[in-house]
2 protein chains.
Amino acid sequence: MLGEFEYLLITTAARLGENAYGAAIREGIEEIAQRKCSIGALYTTIERLEGKGLITTWMGEATAERGGRAKRMVRVTGKGTRAAKEFYEVMMRVSRGASWAVGRAEKLS
Amino acid sequence: MLGEFEYLLITTAARLGENAYGAAIREGIEEIAQRKCSIGALYTTIERLEGKGLITTWMGEATAERGGRAKRMVRVTGKGTRAAKEFYEVMMRVSRGASWAVGRAEKLS
DNA sequence: TCCATTAGTTCTACATTGCAGTAGTAATGT
DNA sequence: ACATTACTACTGCAATGTAGAACTAATGGA
């Protein structure tokens, strides 16, 4: 199954849509998960996810900004979306009835 | 942070309450996550969680059943509950707005 | 023009978790 | 006594998670 960080990455990339690239995903993760995301964690996971066919990546244009280096763009594949969905559903099913999930997960049938 | 399988184990143990012990937890996981849970995965994770203070374990009585060997009982500690809660909340926050979480996670503020 | 600065990625190494199976132990029932 | 059964212990390896230093190419000002 998907790992927890892999799920974080896929979800963040999906949310960023057309603007999903390495550094932006990193910011996104730090913001939403409220924790550090090291550069190494980010790119090694991108590599692995691409290897598994859950995302695709390609080099984009350099931005016209000071230091704007070419970006590594990311897109979540259909397979990636399915994997994320499955991960999410297992988590919800397992959490159903847990004291820390009151008012949320138990709404799932 | 907690791993995905660690979360599964803690949640299942919490749900089983007084009846949480190795083999029962294993069955519980297989049932709810709909996947195999190997013996090794189970006990090594129990060891690790105990090492981190997220659960406590002790040997219980042998059941009066044929082959009823002494059971390794499990209880989730306060620290364990907090860790699970945090894991759950990060997952929910991250999933908010994801296409595969429609109708569920986005209800969380 | 040259260089400091900056956004971004690549690379390397290691720590932590996940997974699988075999072996071992103590009780039951015949 | 012995086959059977419910369970746990142990060992080894695969997959994921984490960290940060090094590298690259573009910008903008002196």
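This one's a predicted model, so the numbers in the text were calculated from it and none came from an experiment. Lettering follows sequence order; numbering is per chain, from 1. Atom set for the values below is all heavy atoms of this structure, side chains included, hydrogens, waters and symmetry mates excluded.
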Going by an N to O cut-off under 4.0 Å, is there a salt bridge joining B/K71 and B/E61?
no

Tell me the interatomic distance from B/L8, atom CG, to C/dT17, atom P, rounded to whole angstroms.
15 Å

Is it the case that the base of C/dC19 and the side chain of B/T44 share a donor-acceptor contact (distance under 3.5 Å, atom types as modelled)?
yes

Heavy atoms under 4.0 Å, any strand shown: does B/G3 hit a base, just sugar-phosphate, or nothing?
sugar-phosphate

What is the distance from CZ of A/R26 to C1' of C/dT10, rounded to the nearest Å?
14 Å

Tell me: CD of B/E4 to C1' of D/dA15, nearest whole Å?
12 Å

Using OP1 and OP2 only, check whether a side-chain N or O of A/K52 sits under 4.0 Å from D/dA15.
no

Here's a test of your reading of the structure: between B/R48 and B/A23, which maps to the more 5' nucleotide of DNA chain D?
B/A23

What is the distance from CG of A/L49 to P of D/dA15, rounded to the nearest Å?
14 Å

Treating A/T57 as the side-chain partner and A/R72 as the backbone partner, does any N or O pair qualify as donor plus acceptor under 3.5 Å?
no

Let me know, please, whether A/M1 or A/I39 comes out on the 5' side of the other along DNA chain C by nearest nucleotide.
A/I39

Rounded to whole Å, how long is the line connecting atom NZ of A/K71 with atom C1' of C/dT6?
13 Å

Evaluate the salt bridge (charged side-chain N to carboxylate O under 4.0 Å, His left out) criterion for residues B/E86 and A/R35: first the C-alpha distance (whole Å), next the side-chain angles of each, then the deciding distance (0.1 Å), finally the verdict.
CA-CA 12 Å; B/E86 195 197 324; A/R35 70 177 214 189; over 6 Å; no

Starting at CD of A/E47 and ending at C1' of C/dT10, how long is that distance when rounded to a whole Å?
9 Å

Distance check needed: C/dT10 P versus A/M59 CE, whole Å only.
5 Å

For D/dT18, take OP1 and OP2 only and decide whether either is under 4.0 Å from a side-chain N or O of A/R35.
yes

Using a cut-off of strictly less than 4.0 Å, decide whether B/R72 has a side-chain nitrogen or oxygen near OP1 or OP2 of D/dA9.
yes

Rounded distance (Å) that lies between atom P of C/dG18 and atom OH of B/Y7
14 Å

Check: A/S38 side chain, A/A41 main-chain N or O, donor-acceptor pair, under 3.5 Å
yes

